[in-house]
Number of protein chains: 2
Amino acid sequence: MKEGPDIAQIAALIGDPARANILTALMSGKALTATELAFEAGVTAQTASAHLAKLTDGGLVAARKSGRHKYFTLVSDEVAGVLEALMGLAAGAGHLRKRTGPKDGAMRKARICYNHLAGDMGVQMYRSMVAKGLLEPSDESLILTKAGHAFVSELGIDLDALPTSKAPLCRECLDWSARSSHLAGQLGRAILSRFIALNWAKREENSRVVTFTPDGEKAFLSLFPMPERSIAEL
Amino acid sequence: MKEGPDIAQIAALIGDPARANILTALMSGKALTATELAFEAGVTAQTASAHLAKLTDGGLVAARKSGRHKYFTLVSDEVAGVLEALMGLAAGAGHLRKRTGPKDGAMRKARICYNHLAGDMGVQMYRSMVAKGLLEPSDESLILTKAGHAFVSELGIDLDALPTSKAPLCRECLDWSARSSHLAGQLGRAILSRFIALNWAKREENSRVVTFTPDGEKAFLSLFPMPERSIAEL
DNA sequence: TTCATACTTCGATCATGAGCGAAGCATGTG
DNA sequence: CACATGCTTCGCTCATGATCGAAGTATGAA
């Protein structure tokens with residue numbers, strides 16, 4: 001009855017407070033140095049170094065040297081997805097209240113999940129795109145439809161300019177505050193970048209909160225309207 | 001920069017091998033006794049007792065006394081969802097190969113995720129229902145449409161007979177082998193039960209594998225055809 | 001070149017928690 | 001009632017791993 005992958009090892013990596021803080025800091029999507037992460041974790045540089053080695057060996061974190069600096073990032077948005085799922089469970093288990101969300105309403109509304117938009121607005125965007133036939137499920141992954149191609153081109157995203165990477169273009173990511181999927185993958189990243197380039201939204205300095213301007217939010221709601229409710233609500 | 005829920009505590013609970021084995025065993029959806037779980041975990045009854053107390057206190061597992069027996073289940077399918085996500089990451093990080101799945105093809109194809117169908121067939125069912133307008137996203141959750149109501153009634157599921165529970169009727173659950181959503185919630189459970197009642201599928205004795213009969217699989221594929229690919233595949 | 005900074009490695013400490021033997025409590029059966 | 005079984009609690013052991021001081025290596029700047 002020992003079926004499937006071994007989850008204890010991965011969970012144990014996340015289960016140390018210092019390492020959890022490191023991973024949470026990397027959810028911002030920024031590449032952070034070992035010294036910065038030591039500060040985030042609240043431990044010395046030597047302790048952080050050991051932790052980072054474990055996270056790297058464990059396949060959760062990637063490292064890149066740049067002169068004397070070493071930058072760390074999460075390996076993939078799948079890691080971010082797992083952290084999101086754990087956050088949802090931790091938030092729920094901690095309070096045992098129904099539909100418990102984060103204390104910070106801004107985090108719930110719109111925040112960075114690694115490199116794409118999460119929160120209620122992230123979920124709304126995903127659902128709107130599915131409802132409008134811009135995204136479509138297939139047997140392998142989410143597919144950007146022809147209409148979707150036109151849509152993102154009109155938004156100002158050049159799909160041919162995206163890096164050739166093994167990361168999928170579109171991907172679901174389960175949102176912990178909204179308990180439903182938001183859009184991850186290269187397209188999710190590109191869209192958030194576009195919002196920021198258009199000055200519709202900006203990132204907060206030391207937070208994962210994404211703040212939309214009133215005009216930006218209006219434009220967002222116009223582009224990604226809430227899908228209509230069906231008549232058969234229970 | 002200590003935003004969001006504390007994930008270390010939850011992850012540490014999962015990060016012990018004995019407790020991970022317990023949780024994995026409970027993914028079968030069966031209610032198992034403390035003695036059975038001790039066996040699954042490979043520890044003595046006293047050790048299992050301590051572990052189960054931690055899982056119960058931590059909000060991951062629920063206990064119910066029945067005479068001298070005590071039965072344990074996962075608290076919710078959200079817990080199952082987190083375990084699924086961790087399994088996906090563990091499978092990937094363990095091998096660092098692209099699109100790594102489980103070793104057992106049967107688990108990948110169709111298996112129990114707590115109480116509903118998971119694997120490729122679970123994902124196909126979900127997507128088919130969305131594509132056919134039986135399930136529809138709303139701002140709160142997945143909604144079963146009017147057409148969906150008719151569909152499940154015709155399948156033989158009496159929605160009025162489902163337990164009045166705070167668990168949602170429909171819910172997404174991210175599938176670790178297919179890396180996309182399958183249907184959880186009360187409806188997901190009811191549908192799998194219906195498949196089994198119709199003898200389309202059966203559960204394996206000491207495994208989470210769900211085996212469809214040839215006729216059952218044919219009927220399944222007829223009811224839940226694979227959504228068509230859009231022309232704009234990349 | 002010297003000095004400062006970023007990061008890693010080593011060695012030692014010690015808090016933590018998993019584990020089990022022993023014992024006790026609760027329930028069921030004959 | 002006696003005995004068996006399921007489960008919990010207590011006390012102790014000891015392996016593990018996080019932590020930091022010390023020291024070393026690598027890189028950058030003056």
Side-chain angles (χ1 to χ4, degrees), chain A residues 1-2 6-26 30-75 93, chain B residues 1-2 6-26 30-75 93:
Chain A
M1 190 56 194
K2 306 291 191 306
D6 175 28
I7 57 175
Q9 198 174 345
I10 292 284
L13 279 181
I14 302 169
D16 172 72
R19 288 199 291 274
N21 284 334
I22 286 170
L23 293 167
T24 303
L26 292 176
K30 297 174 188 168
L32 299 176
T33 64
T35 304
E36 287 168 328
L37 290 171
F39 177 76
E40 291 294 342
V43 293
T44 61
Q46 45 269 45
T47 303
S49 188
H51 283 309
L52 287 164
K54 289 186 179 186
L55 292 171
T56 306
D57 292 344
L60 299 185
V61 165
R64 191 181 68 245
K65 260 184 94 79
S66 177
R68 66 185 175 180
H69 291 279
K70 195 162 182 182
Y71 289 91
F72 294 88
T73 57
L74 295 182
V75 158
Chain B
M1 193 54 193
K2 306 291 194 304
D6 175 29
I7 58 175
Q9 200 175 343
I10 292 283
L13 280 180
I14 303 168
D16 172 72
R19 289 199 291 274
N21 284 334
I22 285 170
L23 292 166
T24 302
L26 292 175
K30 297 172 186 168
L32 300 176
T33 63
T35 304
E36 286 169 327
L37 289 171
F39 178 75
E40 291 294 342
V43 292
T44 60
Q46 46 269 48
T47 303
S49 189
H51 283 309
L52 287 164
K54 289 187 179 186
L55 291 171
T56 307
D57 292 344
L60 298 187
V61 165
R64 190 180 67 245
K65 260 183 92 87
S66 178
R68 65 184 176 182
H69 291 278
K70 196 163 182 182
Y71 289 93
F72 295 88
T73 58
L74 294 183
V75 158

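A note on names: the letters A, B, ... follow the listed sequences, proteins ahead of strands, and every chain is numbered from 1.
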When rounded to the nearest 0.5 Å, the distance separating CD1 of B/Ile7 from CD1 of A/Ile14 is 6.0 Å

So, the side chain of B/Arg19 versus the backbone of B/Leu13: is there a donor-acceptor pair under 3.5 Å, distance only? yes

Contact letters for nucleotides 9-20 of chain C, in which S counts primed atoms plus P, OP1 and OP2 and B counts the base, heavy atoms under 4.0 Å: B-------SSSB

Identify the two heavy atoms, one from B/Ala31 and one from B/Arg64, that lie closest to each other, and give their separation to 0.1 Å. CB-NH2, 4.3 Å

For the residue pair B/Leu26 and B/Leu37, establish whether any side-chain heavy-atom pair is separated by less than 4.5 Å. yes

Contact list (N/O, under 3.5 angstrom) for nucleotides 27-30 of chain C vs protein:
{"residue": "C/dT27", "atom": "O3'", "partner": "B/Arg68", "partner atom": "N", "Å": "3.3"}

Closer than 3.5 angstrom, by distance alone: can the side chain of B/Ser66 be matched with the main-chain N or O of B/His69 as a donor-acceptor pair? no

Check whether any side-chain N or O of A/Ser49 sits under 3.5 Å from a backbone N or O of A/Ala45 as a donor-acceptor pair, and report yes or no. no

Mind checking which nucleotides bracket the chain B contacts on DNA chain D, 5' to 3', with an atom under 4.0 Å from a heavy atom? D/dA4 to D/dT9

Between C/dC25 (C1') and B/Lys70 (NZ): distance, integer Å: 13 Å

So CG of A/Asn21 and NE2 of A/His51: to nearest 0.5 Å the spacing works out to 10.0 Å

Give a yes or no on whether the backbone of B/Leu52 and the side-chain of B/Thr56 come within a donor-acceptor separation of less than 3.5 Å. yes

Candidate list A/Leu55, A/Val75, A/Leu74, test side-chain contact (heavy atoms from CB on, under 4.5 Å), partner A/Leu60, passing option: A/Leu55

d(CZ, A/Phe72; P, C/dC7) in whole Å: 7 Å

A/Gln9, CD: over 12 other non-hydrogen atoms inside 6.0 angstrom: no

